[in-house]
Protein chains: 2
Amino acid sequence: MEFKKELEDKINLLRRKRIVITTPRLIILEYLLQNKVHPTAEEVYQSLKQRFPSLSLASVYNTLKLFSRLGITTELLLDKEKARYDINTIPHAHFKCLNCGKIYDLLDIKLPQKVTGHKVLSTQLYFYGVCQECLKKRSNK
Amino acid sequence: MEFKKELEDKINLLRRKRIVITTPRLIILEYLLQNKVHPTAEEVYQSLKQRFPSLSLASVYNTLKLFSRLGITTELLLDKEKARYDINTIPHAHFKCLNCGKIYDLLDIKLPQKVTGHKVLSTQLYFYGVCQECLKKRSNK
DNA sequence: ATTAGTGCAAACTATTTGCAATAAG
DNA sequence: CTTATTGCAAATAGTTTGCACTAAT
């Protein structure tokens, strides 16, 4: 089971950094690994609060900020209104459909890495447009 | 004078779209063309309110939103906290120095344009790191 | 037992909006 | 003169923070 190994890896990373493994941190980590959909903090909170009624939105925000600081997640600035979080930290591009809102990982697009003069620490590449699915639906009409 | 021609072009674009040329719109346009520094709405407002005391922050926000909708400016999501605006609408990449905060235009980096299946309407490529200037200062110590 | 982390509510920041007053054509 | 736009203040949305309580080690 891939998920168990991924979870263990992330937990070990937290342990190495002397970060306490708490219930919110654990369930958010599990959620992100099982739902790789680039959720917002609010979406994470809404998805988990039924099963964990004591979870607070503030803890979700704090946890996602912590994870991003530690490199466990990447903060995506695809939308102006709210940040999204990606548990897949292998550098890759994203495509957002302006029609249906869906966000796609583009693992095959290679990110430019060399920038003359400056030292690059991270790169974000965002595409916006109309996704294949929406294009198909339109041509059917 | 390059500036005059650029300004005329933008004003013509507004006229064609039947957008009224008002004082706020004109001075913000002039400001952006003469200070190509990717300012935030607040920075535009602070820079202009001395000379135009009647200008309001709300109008700056509304104007920058309008300009971006019309394609006169591009909204940059380099920072989570606030949007920045770029009057240079020729697609290009940006580099933000995490040390000094300066933002560089990277006109020589070519943006990937083809994405299998989906129709791309716009692309944003952001680099984060330490700029040449800061690297130099560090090595001097 | 000790310390880090949670959950709540309040605070904060960026941005948007309703509306009466104003300016552009 | 007519209608779009402004400026103000209030509202909104996302996110952060202070603090007493709780849980992890």
Side-chain angles (χ1 to χ4, degrees), chain A residues 10-31 38-70 72-85 101, chain B residues 10-31 38-70 72-85 101:
Chain A
K10 303 291 185 185
I11 290 171
N12 285 337
L13 197 153
L14 290 173
R15 288 239 166 81
R16 258 181 280 130
K17 304 251 184 183
R18 301 283 146 80
I19 305 290
V20 177
I21 313 296
T22 63
T23 303
R25 287 171 184 169
L26 194 58
I27 63 175
I28 291 170
L29 208 42
E30 289 177 354
Y31 175 79
H38 322 92
T40 63
E42 182 68 39
E43 286 166 0
V44 172
Y45 174 66
Q46 290 301 332
S47 303
L48 290 172
K49 73 169 181 186
Q50 283 83 14
R51 276 197 297 144
F52 302 93
S54 78
L55 180 66
S56 72
L57 180 56
S59 294
V60 174
Y61 272 106
N62 290 334
T63 300
L64 292 173
K65 189 164 57 149
L66 172 75
F67 285 177
S68 297
R69 184 149 39 79
L70 298 175
I72 288 179
T73 52
T74 301
E75 205 165 45
L76 301 182
L77 305 182
L78 274 161
D79 307 320
K80 178 160 62 152
E81 309 80 39
K82 46 197 167 340
R84 296 183 167 277
Y85 295 87
Chain B
K10 303 293 186 184
I11 290 172
N12 285 338
L13 197 154
L14 290 173
R15 289 236 166 81
R16 257 181 280 129
K17 303 252 185 182
R18 303 283 144 81
I19 305 291
V20 176
I21 312 295
T22 63
T23 302
R25 286 171 185 168
L26 193 58
I27 64 174
I28 291 170
L29 207 42
E30 288 177 356
Y31 175 80
H38 322 92
T40 62
E42 183 68 39
E43 286 166 359
V44 172
Y45 174 65
Q46 291 300 332
S47 302
L48 291 172
K49 73 169 181 186
Q50 284 83 13
R51 278 197 297 142
F52 303 92
S54 78
L55 180 67
S56 73
L57 180 56
S59 293
V60 174
Y61 272 107
N62 290 333
T63 300
L64 292 172
K65 189 164 58 150
L66 173 74
F67 285 177
S68 297
R69 186 150 36 80
L70 298 174
I72 287 178
T73 52
T74 301
E75 205 165 46
L76 301 182
L77 305 181
L78 274 160
D79 306 320
K80 178 161 62 153
E81 310 79 38
K82 45 198 169 338
R84 298 183 166 277
Y85 295 86

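Of the two residues near DNA chain C, B/Y85 and B/V20, the one whose nearest nucleotide lies more 5' is B/Y85.
In this structure, B/Y45 atom OH and D/dT6 atom P are separated by 14 Å, rounded to whole Å. For the pair A/I21 CD1 and C/dT6 P, the interatomic distance rounds to 11 Å; values are reported in whole Å. For the pair B/E43 CD and C/dT13 C1', the interatomic distance rounds to 15 Å; values are reported in whole Å. Computed from coordinates, the B/R25 CZ to D/dG7 P distance equals 11 Å when rounded to whole Å. Note: CD1 (A/I19) to P (C/dT6) measures 10 Å, nearest angstrom. Between the CG atom of B/D79 and the P atom of D/dT16 there is a distance of 13 Å, given to the nearest Å. Going from atom CZ of B/R84 over to atom P of C/dA14 covers 11 Å, rounded to whole Å. Across the protein-nucleic acid pair, A/I27 atom CD1 and C/dG7 atom P stand 8 Å apart, rounded to whole Å.
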Please assess A/V44 against A/T63 for the test side chain to side chain contact (heavy atoms under 4.5 Å, CB included), listing each intermediate value before the final yes or no.
CA-CA 11 Å; A/V44 172; A/T63 300; over 6 Å; no
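If you check D/dC8, C/dA24, C/dT15 against the side chain of B/L57, the one that comes closest is C/dT15. Of the listed nucleotides (C/dT15, D/dT15, C/dA9), D/dT15 has the atom at the smallest distance from the side chain of A/A83.
In this structure, B/T40 reaches neither bases nor backbone, as no heavy-atom distance under 4.0 Å exists between it and the strands shown. As judged by a 4.0 angstrom heavy-atom cut-off over every strand, B/E81 is placed among residues touching the sugar-phosphate backbone only.
Computed from C1' positions of five pairs at each end, the angle between the two local axes of the helix from C/dA1-D/dT25 to C/dG25-D/dC1 equals 40°, rounded to 10 degrees.
We find the CG-CD1 distance between A/L13 and A/I72 to be 5.0 Å, quoted to the nearest 0.5 Å. Distance check: B/L77 CG to A/L76 CG gives 11.5 Å after rounding to the nearest 0.5 Å. Here the CD1-NZ distance, from A/I27 to A/K49, works out to 13.0 Å after rounding to the nearest 0.5 Å. Taking CD1 from A/I21 and CZ from A/R15, the interatomic distance works out to 5.0 Å, rounded to the nearest 0.5 Å. Rounded to the nearest 0.5 angstrom, A/L55 CG and A/T23 OG1 are separated by 9.5 Å. Atom OH in B/Y85 sits 9.0 Å away from atom NZ in B/K65 (nearest 0.5 Å).
Counting all heavy atoms, side chain and backbone alike, B/F67 lies closest to B/I28 at CE1-CG2, 4.1 Å.
The phosphate of C/dA24 has neither OP1 nor OP2 within less than 4.0 Å of any side-chain N or O from B/T22. Within the 4.0 Å cut-off from OP1 or OP2 of D/dG14, not a single side-chain nitrogen or oxygen of B/K82 is found. Checking the phosphate oxygens (OP1, OP2) of C/dC8, no side-chain nitrogen or oxygen of A/S56 falls inside 4.0 Å. Applying the 4.0 Å criterion to OP1 and OP2 of C/dT6, one finds that A/T23 has every side-chain N and O outside that range.
Interface residues of residues 60-67 of chain A facing DNA chain D, ordered by number: A/Y61, A/N62, A/K65; criterion, heavy-atom separation under 4.0 Å.
Using a 4.0 Å cut-off between charged nitrogen and carboxylate oxygen, A/E75 and B/K80 count as a salt-bridge pair.
When each of A/D79, A/T73, A/T74 is checked for a side-chain hydrogen bond (donor to acceptor under 3.5 Å, both in side chains) with A/R84, only A/D79 meets the rule.
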